[in-house]
Amino acid sequence: MMVNTKSGARLIVDHVSKHFGETPVLQDVTLDIPAGQFVAIVGRSGCGKSTLLRLIAGLEEATNGSMNLAGSLIAGIREETRMLFQDARLLPWKSCVDNVSVVMKSGTREQALDSLRQVGLADKAEEWPSVLSGGQRQRVALARALTGTPSLLLLDEPLGALDALTRLDMQGLIEDIWKERLFTAILVTHDVSEAVALADRVILIENGSIALDIHITLDRPRERDNDFVYFERLILDRLLERNSGERKHARDVVYSI
Amino acid sequence: MWKKLINSRFAPAYVPILILIVWQLLGQFEWISSRTMPTPLKVAEAAYKLTISGDLFRYIWSSSQRAFIGFVIGGGIGFLLGLLNGMSQTANRLLDSTVQMIRNVPHLALIPLVILWFGIGETSKIFLVILGVFFPIYLNTVHGIRSVDSGLIEMGRVYGLRRSALYRHVILPGAVSSILVGVRYALGFMWLTLIVAETISANSGIGYMAMNAREFMRLDVVVLAIILYAILGKLSDTAAKLLEQALLSWHPTYVRQKSVKRRGTQ
């Protein structure tokens, strides 16, 4: 395993807004994420959650406000921030191990292989990405993200395109690596149960601002028991804008159709 | 039996062989006058005699040399300019419409001008080949670079690949398949241009051999020249295909081919 001296970084998002032309996408978002916390951002599609992640990654500039990572202002792409995209974005013309080593500043092939070993793909090192399954590609992408010992890992719905079983596997893998490496992690997802399974804290974004910010106080590893369902329902109810009384009514409507 | 014949690796040769046989028979029984078309055997005889005298190889050599030099220069310029215009929006705005204007002039229409400029020596023929191969490679290089997946470029930027590394690892490899399409087109244009240039003015080369033979009504040599062009064209296309297989071994099409072959040998 790689030596890991760095750990997570604290991220402060300070009154950030983002407009695309005249359309506001994010409005006055303020967040303080302590080092090493696993945060999940959920919300309907188009609510601005991916935009927030891209701002944090330095891929786009905020219209107003500022962001601060480990004490310094975010003004562009930073080396200690790594991102996992929804599609794995592996270079199809490089073997798996080369896909990992190409982003390493001063790495050897050995280190790249180590990284692949950590995600359980050492035996696929010489294969082209095109012959891998979706889950395997995402694992190579994870190995690539981990080579630089990032202090902040951004996950932009990386499991969205995977089948249910592979997704559970990947969730376990991400959780294990996060526990071992102690980086700060921000996961954007539309899957509430994934958010509850992985995150210390779930932030719900609605129409470009934070609508809900709750800490998930469940022990790890998490079982899908009553407490789990409690959190899941709490978030879903808020997301679907219904309260307990209304839900019964909503169900009646569904049945009557 | 039928299946075996069709699946044989010689299957692409069946039709040409059949044509040769029919052609020979038609000529032999004087169904086609030997003044219209010599028989394949006569052509082979001419080839043999020219080989013995050494002329044949001298002609092939000087034609291939022109083709190669023109291809390297024209392809090189096309590739570099394509690279520039593909990468820089400013360069593209300044240069592309000029290039497109020149492209729309049939380059063979420049032959009178080229002869006035460079005479009938090597330079004029190489110049025409350069013009012929430049455009397909230029166009496909620009297109290849433009069509590299923007997600991959963004990934490269997030992972700290700066200018030169980004081009080397992401943009160029992404453009290769398109550039190779340009190469195959360019090879076609290369021979086409050369044939025309050599028949108009030359004192060596396959085109010269054909024109010279025409003066003496040596139809067998004329047909031989045509066949030589066909063979050379096919050879360069095969070379381009091999290059494709080597450079695009990651591509799903070729990956699949590899696994099929592996299964076949087991």
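Keep in mind that what you see is a predicted model, and the values were worked out from it rather than measured. A, B, ... follow the sequence lines: proteins, then strands. Residue 1 opens every chain. Only this structure's heavy atoms are used, side chains among them; waters, hydrogens and symmetry mates stay out.
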Worksheet item: Relative to chain B, which segment of A:Thr81 carries a heavy atom at a distance below 4.5 Å: side chain, backbone, both, or neither?
Response: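 Contact with chain B involves the backbone of A:Thr81 alone.
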
Worksheet item: Which region of A:Leu154, side chain (C-beta onward) or backbone (N, CA, C, O), has a non-hydrogen atom less than 4.5 Å from a non-hydrogen atom of chain B, or is it both or neither?
Response: neither

Discussion item. One thing to verify: whether A:Glu126 and A:Arg109 come together as a salt bridge, which I'm taking to mean a side-chain N less than 4.0 angstrom from a carboxylate O.
Written reply: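 Counted as a salt bridge, because a side-chain N and a carboxylate O are separated by less than 4.0 Å.
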
Worksheet item: What's the verdict on side chain to side chain contact (heavy atoms under 4.5 Å, CB included) for A:Cys96 and A:Leu132, showing C-alpha distance, side-chain angles and the deciding distance?
Response: CA-CA 9 Å; A:Cys96 294; A:Leu132 301 184; 3.4 Å; yes

Discussion item. Below 4.5 Å, heavy-atom pairs only: which of B:Pro173, B:Gly174, B:Gly160 has the largest tally toward chain A?
Written reply: B:Pro173

Item to complete: Mark yes or no for whether A:Glu60, through its side chain, and A:Leu53, through its backbone, hold a donor-acceptor pair below 3.5 Å.
Response: no

Discussion item. Around atom NZ of B:Lys241, are there more than 12 heavy atoms from other residues, nucleotides or ligands closer than 6.0 Å?
Written reply: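 It does not: B:Lys241 NZ has 12 such atoms or fewer within range.
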
